[in-house]
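Working notes for the structure below.
Convention: sequence-line order gives letters A, B, ...; per-chain numbering from 1. No hydrogens, no waters, no symmetry mates; every other heavy atom, side chains included, goes into these values. Just so we're clear, the structure is a prediction, and the values are computed from it rather than from any experiment.
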There are 2 protein chains.
Amino acid sequence: MAPTSDAEAMPGAPFSGGRSRDALRAAQMYYLQDLTMNAIARELNTSRSTVSRLLSMARETGLVQIQVNNPTDRTPALEQQISRRFGVQAHVVPIADSVNDSEVLNRVALQAARTIGPLVDSNAIIGVAWGSTLSAVSHRLTRKQTHDSTFVQLNGAGNTQTTGISYASEILRRFGQAYGSRVEQFPVPAFFDHAETKKAMWRERSVRRILDLQERMTMAIFGVGSIGAGIPSHVYSGGYLDHEDLETLEADEVVGDVATMFFRSDGSHRDILLNQRSTGPDLDELRRVGRRICVVSGESKIHGLRGALAANLATDLILDEGSARRLVQA
Amino acid sequence: MAPTSDAEAMPGAPFSGGRSRDALRAAQMYYLQDLTMNAIARELNTSRSTVSRLLSMARETGLVQIQVNNPTDRTPALEQQISRRFGVQAHVVPIADSVNDSEVLNRVALQAARTIGPLVDSNAIIGVAWGSTLSAVSHRLTRKQTHDSTFVQLNGAGNTQTTGISYASEILRRFGQAYGSRVEQFPVPAFFDHAETKKAMWRERSVRRILDLQERMTMAIFGVGSIGAGIPSHVYSGGYLDHEDLETLEADEVVGDVATMFFRSDGSHRDILLNQRSTGPDLDELRRVGRRICVVSGESKIHGLRGALAANLATDLILDEGSARRLVQA
DNA sequence: CACCAGAGTGCACATATGTGCAAGGCGGTT
DNA sequence: AACCGCCTTGCACATATGTGCACTCTGGTG
């Protein structure tokens, strides 16, 4: 049965494209009219399995968007507590305690991707950091068409071992691809060796272009790095910092970082030496961004997170339930 | 296995309510984290079937909202044509030609309900007409919590046989219930016998209250009545009009009505006699409403629909594919 | 013209989901 | 305390959905 020119061409062909037209029709019939895939297959003169695939496609392409919203009047207690105490909108990702860390990251990343999706608008300029959390998120984004939106890298990614370019830029590329956006890389190391070099570079027009974009950000997406407990974050173990650097951080009582900008547990950051060589946005500048989304997975990040919250770096916080509980105990 | 106080109480209980808390958790895990119901059941210490029910509940109560959007750049040809020629945003409901009329109505109603859903905002004042189409839509609404929104009846529903109250008010009530809104009935007949009575009533404060609300409408939802072809609409066969009325309509070259206000195929309505006794909003007033959604199912309505479009009564048009094709042929 | 890579399809099977039904819990009444 | 109605649950079965695989079609390419 060739579905070419017999019955398929005319009866159900009010649209343009072939396959994506069917995907849209199928999606409407499935999600808006509650037909079964079987029934849809009959109306579309194709097999049920094809319909199943069309629907997958419709979901992946962003034709279908599924939102889960907790009615504001009945927000879960945990989220309310976090909102009240830290002044952020909290999105707690429900996960049983028994789940292992990598699975937690997976699920937080997936839910984060889907929470972020609806917030990405046309004409937006969105900064993204890099790191294991953001990497995981970037893998789970669902597509959505936007116009004239731009993703800009928040901080450099090079280090003494590698240029780091591929790692950070892959993350960025995935965001750009998911939303059909332009992408602006920031081709500098994560940290300069000398504060002077940073100053010099910051005057270069090629760099200024990126900094200008960053100043006009409408949204920023980042994780947090955390010193102090368990597994150190990418920044602390990836060859970005040498032994001496780590010691000065400790001396400065640093608890974590956002986009390689360090802060203490009280949120202060201005007199931390390493920040003069870091390529991330100054935290004062970051705080000017309208929507600042922080994604956190795993309890080892708690200390860094507390600092970030004390510094008021985020407007929105997406985190796993275990960490959320930890956070409100204190 | 009683899921009372053993393991369920503490481990996964960061929220408030019991059942709806679980529904939210389940919805997040299912729709945002892509777990299977089985996996969710394990994390929630319950059975898979309960999870299935929780998810149904989450969908019905509006915790989960599913949207299907056609990327504006690739709008189906039919919808584009309608938009261009009639100046409305068209939502064509895909349906194979083979489907019978009552099924078409069902499916249009369901998709209409889900299309309207996201448009209902807090603080909105929304007018609704009545009739077989609106009745079908009202049965299919999915719940969604809003604050301080109001549904107001657009036109009276009484006639010489019955008060019509229950019929129209049931429609209104369902809308109100779905969105947690106030509801304002309009307890007058569909048509007065004497234009004088209408004038008098329109000065009554009880009536003025409704008319005031109507003036402040932010949205209106209605079907169309159509004379001329096949099955007559509710208005024309339900005992609202007597023989003489029908004759004057014909003499006036009326092709249809919206909320019992009649118009000709060119969209004109001002000098139609019966309108002086009708309780629907004057069409000039209706046109002032920001969003005016017209739902149409079945080809018998084509003539009325053309008139309504000529009169620019709608900003949005939801209709079945067959009618849509008819509409652009001419 | 033969051949090949890639995309798309339907089939058959593996999974996942929906639902009638009987059993059990709970609160109120006799 | 015994009874009753109402609601919720899990089970078992009926349906619905996802997917590996072999096959076909298409449009180059040698």
Side-chain angles (χ1 to χ4, degrees), chain A residues 1-9 11-13 15-61 63-64 66 68 103 106-107 110 140 142-143, chain B residues 1-9 11-13 15-61 63-64 66 68 96 103 106-107 110 140 142:
Chain A
M1 181 178 292
T4 33
S5 57
D6 51 33
E8 221 272 70
F15 300 170
S16 47
R19 191 171 171 72
S20 80
R21 170 202 58 152
D22 281 353
L24 177 60
R25 286 173 70 82
Q28 293 182 118
M29 296 198 258
Y30 190 79
Y31 288 106
L32 301 183
Q33 299 177 28
D34 286 356
L35 301 199
T36 69
M37 295 186 179
N38 241 320
I40 297 173
R42 281 195 299 274
E43 298 208 3
L44 252 48
N45 296 305
T46 182
S47 74
R48 192 187 50 71
S49 30
T50 295
V51 174
S52 171
R53 293 187 180 106
L54 285 174
L55 289 173
S56 306
M57 180 187 165
R59 284 186 297 262
E60 284 161 13
T61 335
L63 276 188
V64 175
I66 299 182
V68 177
E103 182 60 13
N106 259 328
R107 287 170 54 179
L110 192 49
R140 306 311 203 92
T142 41
R143 224 169 308 183
Chain B
M1 182 179 292
T4 30
S5 58
D6 51 34
E8 220 272 72
F15 299 171
S16 46
R19 191 171 171 74
S20 79
R21 170 202 58 155
D22 280 354
L24 177 60
R25 286 172 70 81
Q28 294 182 117
M29 295 198 260
Y30 190 80
Y31 288 107
L32 301 183
Q33 297 176 28
D34 286 354
L35 301 200
T36 68
M37 295 187 179
N38 241 320
I40 296 173
R42 281 195 299 274
E43 298 210 3
L44 252 46
N45 296 305
T46 183
S47 74
R48 192 186 53 69
S49 30
T50 295
V51 174
S52 172
R53 293 187 180 107
L54 284 174
L55 290 172
S56 305
M57 180 188 164
R59 285 186 297 261
E60 283 160 14
T61 44
L63 277 187
V64 175
I66 299 181
V68 176
E103 181 60 13
N106 258 329
R107 287 169 55 178
L110 192 48
R140 306 312 202 92
T142 42

[X] side, atom [atom1]; [Y] side, atom [atom2] - distance, nearest 0.5 Å:
| X | Y | atom1 | atom2 | result |
| --- | --- | --- | --- | --- |
| A:Asp22 | A:Ile40 | CG | CD1 | 11.0 Å |
| A:Leu24 | A:Met57 | CG | CE | 10.0 Å |
| A:Thr142 | A:Leu63 | OG1 | CG | 11.5 Å |

Tabulated below should be each protein N or O lying under 3.5 Å from an N or O of nucleotides 6-8 of chain C; please produce it.
none

Apply side-chain contact (heavy atoms from CB on, under 4.5 Å) to the pair A:Thr50 and A:Leu44, showing each step before the final yes or no. CA-CA 10 Å; A:Thr50 295; A:Leu44 252 48; over 6 Å; no

Is the distance from OP1 or OP2 of D:dC11 to the nearest side-chain N or O of B:Ser47 less than 4.0 Å? no

Which nucleotides of nucleotides 16-21 of chain C have their base under 4.0 Å from a protein heavy atom (B), which only their sugar-phosphate (S), and which neither (-), written as one string 5' to 3'? SBBBBB

What residue among A:Met29, A:Met37, A:Glu43, A:Arg25 forms side chain to side chain contact (heavy atoms under 4.5 Å, CB included) with A:Val51? A:Met37

Search all heavy atoms of B:Ile66 against all heavy atoms of A:Tyr31 and return the closest pair with its distance. CG2-CD2, 3.7 Å

Closest heavy-atom pair, B:Ala58 versus B:Ala23, reported as atoms and distance to 0.1 Å, is CB-O, 4.1 Å

Would you sort out whether A:Arg140 and A:Asn106 count as a side-chain contact (heavy atoms from CB on, under 4.5 Å), showing the intermediate values? CA-CA 9 Å; A:Arg140 306 311 203 92; A:Asn106 259 328; 3.1 Å; yes

